[in-house]
Amino acid sequence: MSLPLHQEQKQPKPNSKQELLLEVKNLTKHFPITKGILGKEVGRVHAVEQISFNISKGETLGLVGESGCGKSTTGRLILRLIEPTSGDIIFNGQKINDLSQNELRRLRKEMQIVFQDPMASLNPRMTVGDLIAEPMQVHGLNKGENKDKYVRELLNAVGLRPNHMYCFPRELSGGMRQRIGIARALSLKPKLIVADEPVSALDVSIRSQIINLLEDLQEEFNLTYLFIAHDMSVVKHISDRVGVMYLGKIVELAPKPLLFVYPQHPYTQALLSAIPIPTPGANKNHIILEGDVPNPINPPSGCHFHTRCRYVMERCRQEIPILREKEVGHFAACHLD
Ligand code: SF4
């Protein structure tokens, strides 16, 4: 029997001992495609489709998937930089979907973002000191002498020198600019940071420094992270749990050790098989994914992954697999047992 097209996903349950910071319930985002001067809607991009997950205080949830899978859209929806089509976002016990812009402004202090490209996200005409102080000025915090003192403290926290506050972004390396982006995000003492591909624009040699810095800052500032990346090896390093997205849906969600050792979903298995092994001659069975990611305007019927899955069955073409708990804390959306 076929399931309804948009059957609600089972909500992953939090560990009862942990305090939740963020709950996302059946979050959906469709971008309308319009045509003509009257803006008639002729289709929709199904960017995020009925996803649910939680993040506990102090936890890092990695969100991983190929480009266009909806992971960055998810991050922006949580911060309400874009509005959801449906679903709920609950931050620190408060539903934030319906908050007014004024109420949202207050909440934004607690939820910050680190962008992928630090050069594009920093105003090139502002000094580093002004860039770090800008969010505080917007919220009327740390004025006068306090401001410079706090900027120096933040520079120190992200591994830069006090005199970097007089530099312009173009005078700094990519890694240094990303440290500025992190200091800016920290300046309002947030509880949650959405790190959207924060190392993918950086040289490989710099990536581990920034990841280590984020880990250190998490401890020092009691931060919770939603860490978005397309690179499994980066997610592996920093995450406590990992969600794998494919074509707008979460197809697997599990604690890191379970996901990396016992991946349940064929898509996760393929992503893991693509992680390079540094040891020469190491045995590696790379699973080649045939074809491209399907068009999110018209996603495949049933399991969205069925056009590329090596285990596809007739049922997969008809029936949407729901995110089921295969073992404690380990969810996967696949008809295979
Ligand atoms: Fe593959 Fe079917 Fe599982 Fe989808 S439901 S991942 S097509 S086996």
Side-chain angles (χ1 to χ4, degrees), residues 1-13 24 26-30 44-53 61-71 73-74 228-233 235-236 239 241-275 284-337:
M1 193 208 305
S2 293
L3 292 171
L5 191 62
H6 291 305
Q7 174 156 2
E8 288 199 353
Q9 304 254 317
K10 183 177 175 185
Q11 172 68 18
K13 293 222 170 44
V24 171
N26 298 310
L27 190 63
T28 296
K29 179 65 184 177
H30 294 165
R44 284 177 161 225
V45 177
H46 297 243
V48 173
E49 199 72 76
Q50 298 254 325
I51 65 168
S52 299
F53 60 86
L61 178 71
L63 208 50
V64 70
E66 288 165 287
S67 171
C69 70
K71 53 193 189 305
T73 303
T74 301
I228 296 167
H230 65 274
D231 184 337
M232 271 289 198
S233 51
V235 166
K236 185 178 184 182
S239 307
R241 282 185 306 135
V242 179
V244 180
M245 285 190 76
Y246 185 78
L247 219 58
K249 286 175 172 283
I250 291 184
V251 296
E252 187 156 4
L253 181 64
K256 177 175 70 178
L258 284 178
L259 188 121
F260 278 84
V261 179
Y262 304 111
Q264 298 281 322
H265 197 281
Y267 179 58
T268 312
Q269 291 164 3
L271 289 183
L272 289 177
S273 78
I275 298 177
K284 183 86 192 197
N285 296 317
H286 189 173
I287 302 166
I288 307 286
L289 283 177
E290 303 288 346
D292 295 325
V293 179
N295 190 339
I297 298 171
N298 189 19
S301 62
C303 173
H304 287 357
F305 187 58
H306 85 248
T307 54
R308 303 169 83 192
C309 180
R310 56 188 182 148
Y311 302 113
V312 61
M313 310 169 274
E314 192 46 41
R315 181 185 178 195
C316 307
R317 298 188 178 90
Q318 313 287 336
E319 195 177 315
I320 299 172
I322 59 169
L323 200 61
R324 282 187 295 138
E325 195 165 19
K326 304 266 182 175
E327 56 186 308
V328 179
H330 192 160
F331 296 80
C334 176
H335 294 311
L336 293 173
D337 284 323

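First listed ligand is number 1; within each ligand, the first listed atom is number 1. On a predicted model such as this, the values are computed, not experimentally measured, just so you know. Heavy-atom basis, side chains included; hydrogens, waters and symmetry copies ignored.
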Exercise. Provide the closest heavy-atom pair for Phe260 versus Met232 in the form atom of the first, atom of the second, distance.
Key: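 In terms of heavy atoms, the two residues are closest at CZ-O, 3.6 Å.
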Quiz prompt | Closest heavy-atom pair and its distance - Gln50, Thr28 | solution =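 Gln50 and Thr28 have their closest heavy atoms at N-OG1, 2.9 Å.
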Quiz item: Among Pro266, Cys334, Cys303, which one has a heavy atom closest to atom 4 (Fe) of ligand 1?
Solution: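 The residue whose heavy atom sits nearest atom 4 (Fe) of ligand 1 is Cys303.
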Practice problem: Pick one of side chain, backbone, both or neither for how His265 approaches ligand 1, counting any non-hydrogen atom pair under 4.0 Å. | Solution: side chain
Quiz prompt | atom 1 (Fe) of ligand 1 contact by His335, N, O or S atom under 2.8 Å | solution =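 So His335 does not bind atom 1 (Fe) of ligand 1 by this criterion.
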Which of the atoms of ligand 1 are close to [X], meaning less than 4.0 Å from one of its heavy atoms?
{"X": "Cys309", "value": "1 (Fe), 6 (S), 7 (S), 8 (S)"}
{"X": "His306", "value": "7 (S)"}
{"X": "Leu336", "value": "8 (S)"}

Rounded to the nearest 0.5 Å, how far apart are [atom1] of [X] and [atom2] of [Y]?
{"X": "Ile287", "Y": "Leu272", "atom1": "CD1", "atom2": "CG", "answer": "8.5 Å"}
{"X": "Leu336", "Y": "His265", "atom1": "CG", "atom2": "NE2", "answer": "8.5 Å"}
{"X": "Met313", "Y": "His335", "atom1": "CE", "atom2": "NE2", "answer": "6.5 Å"}

Quiz item: Got a sec: is Cys316 within less than 2.8 Å of atom 2 (Fe) of ligand 1 via an N/O/S atom?
Solution: yes
Quiz prompt | Stepwise side-chain contact (heavy atoms from CB on, under 4.5 Å) check, Leu61 with Leu253 | solution = CA-CA 10 Å; Leu61 178 71; Leu253 181 64; 3.9 Å; yes
